[in-house]
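Small disclaimer: the values here were computed from a predicted structure and weren't measured. Chain letters run A, B, ... following the sequence lines, proteins first and then strands; every chain starts at 1.
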Number of protein chains: 2
Amino acid sequence: MKTECIGDYVKLKGKVYPCTISLAMDLIGGKWKAVILYHLKDAEKRYSELRKEVPNVTEMTLSLQLKQLEKDGLVLRKVHGKKPPIKVVYSLTDFGKTFIPVLETITSWGNQIVLEKGEFVNNSTCLNEI
Amino acid sequence: MKTECIGDYVKLKGKVYPCTISLAMDLIGGKWKAVILYHLKDAEKRYSELRKEVPNVTEMTLSLQLKQLEKDGLVLRKVHGKKPPIKVVYSLTDFGKTFIPVLETITSWGNQIVLEKGEFVNNSTCLNEI
DNA sequence: CGGTATCCCCCAAGATACTG
DNA sequence: CAGTATCTTGGGGGATACCG
């Protein structure tokens, strides 16, 4: 598995990036995208479920980020029903699923940081095992 | 290693995050941080080297991002000499080095994307394609 | 239920010029 | 050499209200 950036620059869907790291950060960077993908990694979710699970995100921002993820081919949007109440389900595309290893690496790194230098907080039950 | 976000929220250096993914994205998100870390992963670099290697970054932005990375404990700044010309060398801290696996996962993912859907460009060999 | 429509603010990031 | 000092701008993200 190559872990060096290839080429002098790269192109994807008309956009130009100086290296593959830039490209990746453009696709999944920002405050919410990685978090949203994280919540979709094991199961598809309805819009309202995401709104509850993704902490503190506003409806508008969630909607906007989902649209960008859909446009970039990471997330699939499926509509069930025609008249309200409609049901909209989001899931990872095959392409989106290729991102899961990255997500898991980031998660375990983040966990490690907090274990060593930070603090976990649990509102409901205590956490004995990590 | 655990690849699920732990706890209801986490704290690090006084900041509060809803999950470890958010924390990680705050530390290494943005347009330049991951790219800078990438260029430091194998060797320490002088400021001027980074400016040349990190594509299209302005002096000011590079300086700012390095300061933030230093403040977050990912990067070490070492000054050699007192009067101009000074020599300033940046390197990864031990903490910064723990991020290398993430960086490599992101890189190989980015490479994979471009291999499948995008386009690598090499100035030396493909100058006429630009 | 699953979003839009507005309005607004902040700050990341760029451009340009200058300095210890 | 390795940065600051200003000024400017774009857009990410938030608050609130409304809609098919």
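For the pair Lys117(B) and Phe95(A), the cation-pi criterion (under 6.0 Å, within 45° of the ring axis) is fulfilled.
Phosphate proximity of dT4(D) to Tyr47(B): absent, as no side-chain N or O sits under 4.0 Å from OP1 or OP2. Put simply, Arg46(B) has a side-chain N or O that comes within less than 4.0 Å of OP1 or OP2 on dA2(D).
A donor atom on one side chain and an acceptor atom on the other are not found under 3.5 Å apart for Tyr38(A) and Glu104(A). Counted by atom type alone, Thr61(A) and Trp32(A) present zero donor-acceptor pairs between their side chains at under 3.5 Å.
Contacts of Lys31(B) with the nucleic acid, taken as non-hydrogen atoms under 4.0 Å apart, involve only primed sugar atoms and P, OP1 or OP2. Within the 4.0 angstrom heavy-atom criterion, no nucleotide atom of any strand lies near Gly81(A).
Here the C1' atom of nucleotide dG3(C) and the CG atom of Leu50(A) are 13 Å apart, to the nearest Å. Regarding Lys33(A), its NZ atom lies at a distance of 8 Å from the P atom of dG12(D), rounded to whole Å. The separation between Asp26(B) atom CG and dG13(D) atom P is 12 Å, rounded to whole Å. Summarising the geometry, the separation between CD1 on Ile86(A) and P on dC1(C) is reported as 11 Å, rounded to the nearest angstrom. Distance NZ (Lys52(A)) to C1' (dC1(C)): 12 Å, rounded to an integer number of Å.
Salt-bridge formation is not detected for the pair Glu119(B)/Lys13(A): no Lys NZ or Arg NE/NH1/NH2 atom is positioned less than 4.0 Å from an Asp or Glu carboxylate oxygen.
Heavy-atom minimum distance, Leu62(A) versus Val57(A): N-CG2, 3.8 Å. Closest of all the heavy-atom pairs between Val79(B) and Ile86(B) is CG1-CG2, 3.5 Å.
For DNA chain C, the residues of residues 55-77 of chain A within the heavy-atom distance limit of 4.0 Å (strictly under) are Glu59(A), Met60(A), Ser63(A), Lys67(A), Arg77(A), sorted by number.
End-to-end axis angle for the helix from dC1(C)-dG20(D) to dG20(C)-dC1(D), using five pairs per end and rounding to 10°, comes out at 60°.
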